Amino acid sequence: MAVAPRLFGGLCFRFRDQNPEVAVEGRLPISHSCVGCRGERTAMATVAANPAAAAAAVAAAVAVAEDREPQREELPGLDSQWRQIENGESGRERPLRAGESWFLVEKHWYKQWEAYVQGGDQDSSTFPGCINNATLFQDEINWRLKEGLVEGEDYVLLPAAAWHYLVSWYGLEHGQPPIERKVIELPNIQKVEVYPVELLLVRHNDLGRSHTVQFSHTDSIGMVLRTARERFLVEPQEDTRLWAKNSEGSLDRLYDTHITVLDAALETGQLIIMETRKKDGTWPSAQLHVMNKNMSEEDEDFKGQPGICGLTNLGNTCFMNSALQCLSNVPQLTEYFLNNCYLEELNFRNPLGMKGEIAEAYADLVKQAWSGHHRSIVPHVFKNKVGHFASQFLGYQQHDSQELLSFLLDGLHEDLNRVKKKEYVELCDAAGRPDQEVAQEAWQNHKRRNDSVIVDTFHGLFKSTLVCPDCGNVSVTFDPFCYLSVPLPISHKRVLEVFFIPMDPRRKPEQHRLVVPKKGKISDLCVALSKHTGISPERMMVADVFSHRFYKLYQLEEPLSSILDRDDIFVYEVSGRIEAIEGSREDIVVPVYLRERTPARDYNNSYYGLMLFGHPLLVSVPRDRFTWEGLYNVLMYRLSRYVSKPNSDDEDDGDEKEDDEEDKDDVPGPSTGGSLRDPEPEQAGPSSGVTNRCPFLLDNCLGTSQWPPRRRRKQLFTLQTVNSNGTSDRTTSPEEVHAQPYIAIDWEPEMKKRYYDEVEAEGYVKHDCVGYVMKKAPVRLQECIELFTTVETLEKENPWYCPSCKQHQLATKKLDLWMLPEILIIHLKRFSYTKFSREKLDTLVEFPIRDLDFSEFVIQPQNESNPELYKYDLIAVSNHYGGMRDGHYTTFACNKDSGQWHYFDDNSVSPVNENQIESKAAYVLFYQRQDVARRLLSPAGSSGAPASPACSSPPSSEFMDVN
């Protein structure tokens with residue numbers, strides 16, 4: 001049976017020129033004689049980390065001691081001894097040097113030796129005898145030093161050469177181990193580490209069996225990990241990590257393997273737990289999500305194709321799943337994590353990074369997905385890490401997969417940045433130098449601060465040219481990029497759906513679909529509608545109707561961009577203006593709301609509320625009819641299609657005359673004697689928008705805000721002036737006083753039920769143009785890239801400071817591609833944002849699966865002998881289905897091992913044909929350079945040869961139709 005290190009009986013031996021931190025213990029049947037010969041000294045005064053070697057060395061020394069009496073080297077003269085031990089290069093006075101070995105000698109023995117050599121008599125009775133350090137040890141079993149020993153009082157320190165001299169001259173008490181300690185370098189000081197740190201190493205699955213191992217304070221955590229792996233015989237291909245149990249009983253991850261035991265604040269007696277990753281890529285300590293707790297036995301034994309693994313949707317996290325699946329299928333990046341190359345490059349001290357946590361979380365995800373032991377996994381830990389470092393991704397709102405991808409690439413780069421301390425680099429303009437020189441300088445400067453696997457894989461170089469419009473100064477710079485955000489050719493037209501409300505009450509409202517210029521005005525909408533209706537644009541008024549009221553009345557000069565696609569736009573035929581101009585004979589346009597009295601929930605049901613219903617109206621009222629009576633008759637005429645008049649049987653003839661007599665006195669307003677005849681068709685007049693102030697107010701004409709003053713049974717409804725919200729309480733603020741009031745038609749529930757036809761009121765007809773669909777021709781990906789490299793003029797919000805003019809200028813800017821990366825990410829800018837609108841472009845972009853040629857776009861002098869440097873094959877696509885407010889993200893990806901394309905829809909994965917990949921949903925494209933694909937296919941490129949994305953596809957009967 002193998003003997004565990006440090007449990008070899010109880011003696012602690014340290015062997016020179018070996019690892020000083022690893023102690024080997026053993027119980028040996030040796031006598032108490034003094035070992036002093038030169039050959040035996042080597043075994044007793046050195047340190048070995050290998051238990052077998054230590055035991056063999058000790059056994060050899062003991063055998064020699066038993067075969068013959070200890071022979072001491074002939075003593076030199078006393079003066080010579082003093083010089084060699086106290087002075088000279090090998091003596092006590094020499095300075096400390098980090099890494100050297102020094103030995104402890106018991107103070108009493110050393111004082112006796114001093115008295116002996118200083119006495120001048122070599123045969124004196126003060127001869128010290130064998131070196132005996134017994135009083136320094138706590139016991140003679142484990143040979144641990146006593147706590148609290150003080151240099152100069154309990155022991156003296158000797159360099160290795162001086163110690164070996166003394167042992168060769170006087171010998172070492174038989175059975176005692178030499179007390180060797182290393183010189184360590186602490187901040188601003190060097191000292192001999194008398195008390196190393198003793199750590200208890202255990203495995204996560206066997207906490208009861210520990211190994212006590214000594215480590216120097218300057219040893220790295222990586223050395224602790226390597227020692228633990230050696231002690232527990234861990235296979236080289238297995239992943240391990242360390243946890244430290246703190247004083248509170250909880251466990252802390254030892255993330256950074258490059259820091260020292262001192263920096264990690266590890267103490268003697270502290271428990272260090274080594275954890276080994278399971279075959280399915282998960283860690284035993286990981287708290288699995290509740291959805292994984294009830295995993296069936298079938299899932300536990302599942303063995304599938306590595307990489308064909310879904311990701312559970314945690315709630316609107318399809319955007320994250322899509323980005324992760326795309327990145328997971330980048331061959332060289334995935335191999336980088338699977339082969340643990342990232343462990344040596346984790347940067348825990350980068351102030352721009354995430355302390356290595358994003359890289360480790362992503363590595364765990366990759367190892368699980370490519371273990372082949374999961375149908376799907378729950379990215380709960382990764383989601384929490386992302387939310388911790390990027391608050392915009394906290395919670396479970398829908399986000400953009402490209403934005404998450406941008407954050408993740410940047411986070412991985414900073415976590416894996418090989419540059420530990422970034423130097424200041426001054427950006428230099430070309431200043432007339434050759435492009436090749438400037439580009440090389442820019443790339444070298446970039447690599448001086450940014451050097452990681454992300455830079456190696458995804459970063460390329462732009463050439464940016466700015467030209468001042470005034471002085472013609474040209475500025476050329478070269479800037480790195482991680483992905484290309486290319487615009488889509490945008491149509492300058494848009495389609496708006498509107499409802500046209502004619503003045504003729506016999507005609508129903510009409511639904512129209514209009515093609516209008518995107519950067520047009522409201523007047524352009526009226527002109528387009530005029531072509532369909534034959535009504536002059538001057539007789540139209542445009543309104544946004546929301547919740548039975550006017551949300552906005554548009555001016556003719558307002559931009560069409562202020563109208564959103566989701567807005568309900570009504571266009572009214574009118575014959576006048578909303579603002580009444582004093583002295584003008586034009587009709588007055590009055591906004592009208594419909595309201596119904598409803599009993600409120602009160603104790604006695606005596607209180608009545610008013611609720612808006614139906615569509616509001618813009619009614620043209622002739623000036624000579626501008627009385628309450630005239631307004632009532634005009635409204636009865638406008639509502640005649642769906643409001644029936646009461647017949648003679650519905651009126652009380654007996655009371656009518658009396659009521660009429662009273663009305664002569666009660667009808668208020670300056671136009672009381674106005675005509676009550678049936679209104680004639682309204683007259684035409686110019687149209688206008690709404691103004692904030694009006695010199696001729698409706699209140700002034702009508703004299704009161706409510707009519708009739710008392711209920712009259714022959715009237716179907718009452719009228720009241722209200723504010724723009726449709727409530728009766730018009731405030732006395734200056735804005736309200738000088739604004740045109742709105743009119744509300746208030747219905748009693750019984751009268752509304754009897755005379756108001758809701759079905760007819762909501763009826764409308766569709767114009768022939770409603771069936772029109774503006775066809776969008778597909779565009780080629782190359783057209784988008786051409787548009788990306790087109791000269792453009794900077795916007796007013798983003799001017800350029802010209803160093804020649806010393807002013808901010810709206811310069812022309814042109815971007816060109818100089819150097820392309822191994823993996824080219826192309827982001828199709830489908831989402832358009834303006835001040836008033838948001839739009840998704842569902843244009844079909846035709847992109848090649850293989851042989852995407854960039855040679856015509858790269859302006860750097862090209863290597864014609866190697867065309868693969870400019871040709872790319874598709875490896876992944878992030879898709880977005882739906883619109884701006886809602887949508888769903890999925891992924892197409894080519895497996896690096898099999899070359900088979902798959903469709904990833906959260907936790908569902910299905911094989912697909914290549915002809916299904918191109919669709920209007922394509923959002924982010926991942927292309928791999930062909931020379932890289934060839935390199936990865938070669939035996940030296942990777943352990944497992946990944947198949948080319950261009951491999952032929954299986955029969956279509958096995959594939960799922962995702963479109």
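All of these numbers come straight from a predicted model, not from anything done at the bench. When a residue number appears, it is its place in the shown sequence, counting from 1.
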Checklist line | Distance-only polar pair, side chains of Glu629 and Thr627, donor-acceptor under 3.5 Å | finding: no

Margin query: Could you check whether Ser322 and Ser401, counting side-chain N and O atoms only, form a donor-acceptor pair closer than 3.5 Å?
Written below: no

Check: Rounded to the nearest 0.5 Å, how far does CG of Leu594 lie from CG of Leu610?
Finding: 12.0 Å

Check: Taking Ser406 for the side chain and Glu403 for the main chain, is one N or O donor matched with an acceptor at less than 3.5 Å?
Finding: no

Next item on the list: Indicate the atoms forming the closest heavy-atom contact of Arg513 with Val495, along with that distance.
Entry: CG-CG1, 3.1 Å

Checklist line | Residue pair Gly614 / His548: nearest heavy atoms and the distance that separates them | finding: O-ND1, 2.9 Å

Next item on the list: Begin from the C-alpha positions of Gln511 and Glu497 and carry the test side chain to side chain contact (heavy atoms under 4.5 Å, CB included) through to its verdict.
Entry: CA-CA 7 Å; Gln511 184 182 17; Glu497 288 190 359; 3.3 Å; yes

Notebook entry, point to check: Knowing that exactly one of Asn321, Thr317, Thr312 qualifies, which makes a side chain to side chain donor-acceptor pair (under 3.5 Å) with Asp906?
Noted result: Asn321

Checklist line | Euclidean distance, Leu311 CG relative to Leu324 CG, rounded to 0.5 Å | finding: 6.0 Å

Notebook entry, point to check: Is the backbone N or O of Ala761 less than 3.5 Å from a side-chain atom of Lys508, with the two atoms forming a donor-acceptor pair by type?
Noted result: no

Margin query: Rounded at 0.5 Å granularity, tell me how far NZ in Lys840 sits from OH in Tyr881.
Written below: 9.5 Å

Notebook entry, point to check: Relative to the ring of Tyr889, is the ring of Tyr923 parallel (under 30°), tilted (30 to 60°) or perpendicular (over 60°)?
Noted result: tilted

Note to self: Given 3.5 Å as the limit, does a donor-acceptor pair link the side chain of Asp567 with the main chain of Leu564, or not?
What the structure shows: yes

Item checked: Whether Tyr572 and Phe550 hold their rings parallel, tilted or perpendicular, with breakpoints at 30° and 60° -> perpendicular

Check: Would Leu617 and Ile745 count as a side chain to side chain contact (heavy atoms under 4.5 Å, CB included) if you check the C-alpha gap in whole Å, the side-chain angles of each, and the deciding distance to 0.1 Å?
Finding: CA-CA 11 Å; Leu617 297 171; Ile745 300 176; 5.7 Å; no

Margin query: Using a 3.5 Å distance criterion without hydrogens, assess whether the side chain of Arg830 forms a donor-acceptor pair with backbone atoms of Thr843.
Written below: yes

Check: Which is it for Met636 and Leu716 under the side chain to side chain contact (heavy atoms under 4.5 Å, CB included) test, yes or no, and what are the steps along the way?
Finding: CA-CA 9 Å; Met636 283 296 295; Leu716 302 185; 3.8 Å; yes

Next item on the list: Please work out which of the three classes, parallel, tilted or perpendicular, describes the rings of Tyr764 and Phe499, given edges at 30° and 60°.
Entry: perpendicular

Margin query: Checking Arg494 against Val516 for the side chain to side chain contact (heavy atoms under 4.5 Å, CB included) test, could you report, in this order, the C-alpha distance in whole Å, the side-chain angles of both residues, the deciding distance, and whether it holds?
Written below: CA-CA 6 Å; Arg494 66 180 292 198; Val516 295; 3.6 Å; yes

Item checked: Interatomic spacing from CG in Leu612 to OH in Tyr593 - rounded to 0.5 Å -> 7.5 Å

Margin query: When you measure from the side chain of Arg754 to the backbone of Pro646, do you find a donor-acceptor pair of N or O atoms at a distance under 3.5 Å?
Written below: no

Next item on the list: Measure the shortest side-chain to side-chain distance between Val486 and Leu787 over non-hydrogen atoms and say whether it is less than 4.5 angstrom.
Entry: no

Checklist line | Glu762 atom CD: more than 12 heavy-atom contacts under 6.0 Å | finding: yes

Check: Closest approach of Pro799 and Leu810, non-hydrogen atoms and distance?
Finding: CB-CD2, 4.2 Å

Item checked: Qualifying residues under salt bridge (Lys or Arg N to Asp or Glu O under 4.0 Å), relative to Glu797, sequence neighbours excluded -> none

Check: Under the 3.5 angstrom rule, does the side chain of His767 hit a backbone N or O of Cys769 as a donor-acceptor pair?
Finding: yes

Notebook entry, point to check: How long is the gap from CG on Leu525 to CG on Leu496, to the nearest 0.5 Å?
Noted result: 6.0 Å

Notebook entry, point to check: From Arg595 CZ over to Arg549 CZ, what is the distance, rounded to the nearest 0.5 angstrom?
Noted result: 10.5 Å

Notebook entry, point to check: Considering all heavy atoms of both residues, which atom of Gln398 and which atom of Cys318 are nearest to each other, and what is their separation?
Noted result: NE2-SG, 3.4 Å

Notebook entry, point to check: Do any N or O atoms from the side chain of Asp524 and from the backbone of Lys521 form a donor-acceptor pair under 3.5 angstrom?
Noted result: yes

Checklist line | Shortest non-hydrogen contact between Leu618 and Pro591, atoms and distance | finding: CD2-CA, 3.8 Å

Next item on the list: Verify, without hydrogens or angle tests, whether Thr721 (side chain) and Tyr742 (backbone) share a donor-acceptor contact under 3.5 angstrom.
Entry: no

Check: Between His880 and Asp400, is any side-chain donor less than 3.5 angstrom from a side-chain acceptor?
Finding: no

Margin query: Can you tell me how the ring of Phe393 sits relative to the ring of His399, calling it parallel under 30°, perpendicular over 60° and tilted otherwise?
Written below: perpendicular

Check: Considering all heavy atoms of both residues, which atom of Pro379 and which atom of Leu314 are nearest to each other, and what is their separation?
Finding: O-CD1, 3.8 Å

Check: Will you find, in the side chains of Thr890 and Asn879, an N or O donor that is under 3.5 Å from an N or O acceptor?
Finding: yes

Checklist line | Residue pair Glu918 / Leu844, side-chain heavy-atom distance below 4.5 Å | finding: yes

Next item on the list: Tell me, yes or no, whether the heavy-atom count around Lys752 atom NZ, taken from other residues, nucleotides or ligands under 6.0 Å, exceeds 12.
Entry: yes

Next item on the list: I would like to know whether Arg507 and Glu573 meet salt bridge (charged side-chain N to carboxylate O under 4.0 Å, His left out); could you show each step before the answer?
Entry: CA-CA 12 Å; Arg507 292 173 56 188; Glu573 181 187 1; 5.0 Å; no

